[in-house]
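Here is the structure we will look at, set down as structure tokens.
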Amino acid sequence: MRNSRGRGTRPGRRVVAVAPASSANLGPGFDVFAVALERPMDRLTLSAEKSSKTEALLKVRGVSGVSVRAEENAASYVALSMARDRGIRTLLRIELKKGIPVGVGLGSSAASSVAAALAVGELFELELSQTELLRYAALGERLSSGTAHYDNVAASLVGGFSVTINDGDRPHVISYSPPRALKLCLATPVVALPKRKTEFARSLLPSVTKLSAAVHNLSMASAIVSGFARGDVELIGYGMRDEIVEPARAGMIPGFHEVRRAAIQSGASGVCISGAGPTLLAVADSLKTSPQTILKAMLSAFGHAGVEATGFVTKVGAGARVVSS
Ligand code: HSE
């Protein structure tokens with residue numbers, strides 16, 4: 001199996017890549033900020049067999065809700081797009097073990113797409129740059145949400161708190177390590193949302209905004225970046241206040257204001273919608289407060305609003321990696 005640049009792969013070789021969940025926006029950083037979560041993760045195993053065409057056989061295990069059709073699943077779509085782009089004719093065998101729940105704002109499609117991009121790059125020795133990997137992975141986001149936004153794929157690929165700088169279509173990521181005490185409390189309500197939830201959540205957004213709201217968001221986004229640069233959890237949480245995107249989406253999440261208030265009253269430094277929701281993310285300084293107590297308060301506030309919810313506590317984690325090759 002050779003690609004157009006003469007590179008090939010050893011028959012029988014298998015590559016395994018893992019990619020973490022992520023939480024995008026952090027309030028004011030719409031489509032630019034995200035954090036990689038230490039857990040959960042997706043795991044993708046890839047091998048290739050002889051074929052005169054570029055095709056894929058996909059097997060999905062783990063959480064439900066993802067398409068099992070190769071052309072409709074983010075991971076296999078990314079793998080096929082890469083193979084076609086590089087002129088590689090082969091049968092791609094993809095086994096995707098989904099650890100990340102789908103459609104709840106935890107970057108599930110992004111993780112699958114990143115794992116696929118890494119695995120294809122490794123299997124065919126494509127020596128891809130960070131920008132190329134991001135662009136390929138973002139094809140999976142375009143498939144899932146209609147827009148090739150880079151925030152989730154950036155965090156899932158690079159890890160840490162990621163800032164995507166993208167002038168035109170040359171995304172570049174700057175990643176910051178988290179302060180040690182930073183903990184993330186994630187509460188996911190059980191709400192009925194449209195199937196293409198992110199596309200729906202994006203359709204709610206205003207096309208114009210007031211200058212005062214833009215200035216507010218710029219100021220808050222700067223607080224978040226400064227908070228990571230200084231290792232200051234309070235400053236990170238302080239910056240998680242968005243006047244543009246969240247007000248337009250809050251109605252998707254019953255109990256949003258009550259859960260936010262409950263988290264802050266229990267000691268959270270800041271609260272925001274995780275990506276396009278409906279999960280809510282609270283950040284906590286574990287030296288000053290108990291993240292488990294905050295999570296309990298969030299779940300109980302959802303309960304009072306008549307909404308069932310589940311949650312977990314984690315921290316900012318590393319990016320995707322090839323674990324076996
Ligand atoms: N920035 C994207 C959005 C993230 O909020 O629509 C989607 O996970």
Side-chain angles (χ1 to χ4, degrees), residues 21-30 33-40 101 104-107 151 155 161 178-191 193 201 216-217 219-221 223-228 231-317:
S22 55
S23 177
N25 301 340
L26 299 187
F30 179 70
F33 292 173
V35 284
L37 309 188
E38 194 177 58
R39 68 184 178 95
V104 297
L106 295 178
D151 44 1
F161 163 59
R180 235 176 239 264
L182 176 65
K183 294 285 185 297
L184 311 172
C185 312
L186 293 130
T188 305
V190 181
V191 283
L193 290 169
H216 168 90
N217 272 28
S219 165
M220 292 302 123
I224 292 177
V225 176
S226 306
F228 276 99
D232 182 337
V233 179
E234 277 308 311
L235 193 53
I236 294 166
Y238 177 82
M240 287 167 57
R241 289 179 293 148
D242 165 27
E243 285 191 359
I244 300 172
V245 172
E246 283 198 359
R249 287 177 169 173
M252 278 173 58
I253 306 168
F256 169 76
H257 297 288
E258 293 84 343
V259 175
R260 190 173 201 289
R261 197 174 317 120
I264 297 287
Q265 280 170 358
S266 316
S269 306
V271 184
C272 66
I273 300 177
S274 179
T279 296
L280 294 187
L281 164 71
V283 300
D285 183 337
S286 60
L287 296 177
K288 297 184 186 153
T289 182
S290 154
Q292 288 296 348
T293 304
I294 293 169
L295 178 65
K296 244 171 104 182
M298 294 169 83
L299 297 179
S300 135
F302 268 128
H304 283 126
V307 190
E308 226 182 279
T310 55
F312 62 101
V313 172
T314 188
K315 54 185 182 179
V316 179

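Any value given below was found using the heavy atoms of this structure, including those in side chains, with hydrogens, waters and symmetry copies removed. Computed from a predicted model, the values in this text were never measured in an experiment.
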**Complete:** The reported gap from CG in Leu37 to CG in Leu184 (rounded to nearest 0.5 angstrom) is 6.5 Å

**Asked** Under the side-chain hydrogen bond (donor to acceptor under 3.5 Å, both in side chains) test, which residues partner Glu234, sequence neighbours left out?
**Response** Ser269

**Fill in**
Applied to residues 303-313, the salt bridge (charged side-chain N to carboxylate O under 4.0 Å, His left out) test, sequence neighbours excluded, yields none

**Request:** Looking only at non-hydrogen atoms, find the nearest pair between Ala223 and Gly239 and report the distance.
**Result:** CB-CA, 4.0 Å

**Prompt:** side-chain hydrogen bond (donor to acceptor under 3.5 Å, both in side chains) with Ser266: which residues, sequence neighbours excluded?
**Reply:** none

**Under 3.5 Å: donor-acceptor pair, side chain of Ser274, backbone of Gly105** = yes

**Item:** From CG (Asn217) to CD1 (Ile244), nearest 0.5 Å
**Value:** 4.0 Å

**Prompt:** What distance separates His216 NE2 from Arg241 CZ, expressed to the nearest 0.5 Å?
**Reply:** 5.5 Å

**Message:** Could you work out, with side-chain contact (heavy atoms from CB on, under 4.5 Å) as the rule, every residue matching Ala305, not counting sequence neighbours?
**Reply:** Val307

**Message:** Using the side-chain contact (heavy atoms from CB on, under 4.5 Å) criterion, which residues pair with Pro178? Sequence neighbours excluded.
**Reply:** Leu182, Phe228, Val316

**Prompt:** Do any N or O atoms from the side chain of Thr279 and from the backbone of Val104 form a donor-acceptor pair under 3.5 angstrom?
**Reply:** yes

**Message:** Test of understanding: with side-chain contact (heavy atoms from CB on, under 4.5 Å), list the residues that count as partners of Glu246, not counting sequence neighbours.
**Reply:** Asp242, Phe256, Cys272, Ile273

**Message:** Please find the pair of heavy atoms, one from Pro101 and one from Pro40, that lie closest to each other, and give the distance.
**Reply:** CD-CG, 4.2 Å

**Asked** Do Met252 and Leu193 have side chains that get closer than 4.5 Å, going by heavy atoms?
**Response** yes

Can you give the donor-acceptor pairs under 3.5 Å from side chains of residues 293-304 to other protein atoms, not counting sequence neighbours?
unit_1, atom_1, unit_2, atom_2, d
Thr293, OG1, Ser290, OG, 2.8
His304, ND1, Ser300, O, 3.2

**Item:** Spacing of CE belonging to Met220 relative to CG belonging to Leu235, to within rounding of 0.5 Å
**Value:** 9.5 Å

**Phe161/Ile224 under side chain to side chain contact (heavy atoms under 4.5 Å, CB included): CA gap, chis, key distance, verdict** = CA-CA 10 Å; Phe161 163 59; Ile224 292 177; 3.8 Å; yes

**Item:** Within 6.0 angstrom of Tyr238 OH, more than 12 heavy atoms from elsewhere
**Value:** no

**Message:** Tell me which pairs pass side chain to side chain donor-acceptor pair (under 3.5 Å) where either residue lies in residues 253-263, with sequence neighbours left out.
**Reply:** none

**Request:** Sequence neighbours left out, what passes salt bridge (charged side-chain N to carboxylate O under 4.0 Å, His left out) with Lys288? Give chain and number order.
**Result:** Asp285

**Request:** List for me each residue that meets side-chain contact (heavy atoms from CB on, under 4.5 Å) alongside Ala34, sequence neighbours excluded, and say none if there are none.
**Result:** Ala24, Asp151, Ala155, Ser162

**Minimal non-hydrogen separation, Ala263 against Ala282, with atom names** = CB-CB, 4.2 Å

**Prompt:** How long is the span from the CZ atom in Phe30 to the CG atom in Asn25, to the nearest 0.5 Å?
**Reply:** 6.0 Å

**Other residues, nucleotides, ligands: >12 heavy atoms within 6.0 Å of Arg180 CZ** = no

**Request:** Can you measure from CZ (Arg39) to OG1 (Thr314) and round to the nearest 0.5 angstrom?
**Result:** 5.5 Å

**side chain to side chain contact (heavy atoms under 4.5 Å, CB included) between Gln292 and Val313, worked out** = CA-CA 7 Å; Gln292 288 296 348; Val313 172; 3.8 Å; yes

**Request:** Please list, chain by chain and in numerical order, all residues satisfying side-chain hydrogen bond (donor to acceptor under 3.5 Å, both in side chains) with Arg249, sequence neighbours excluded.
**Result:** none

**Request:** Using the side chain to side chain contact (heavy atoms under 4.5 Å, CB included) rule, take Leu26 and Leu281 through it: C-alpha gap first, then chi angles, then the decisive distance, then the call.
**Result:** CA-CA 8 Å; Leu26 299 187; Leu281 164 71; 3.6 Å; yes

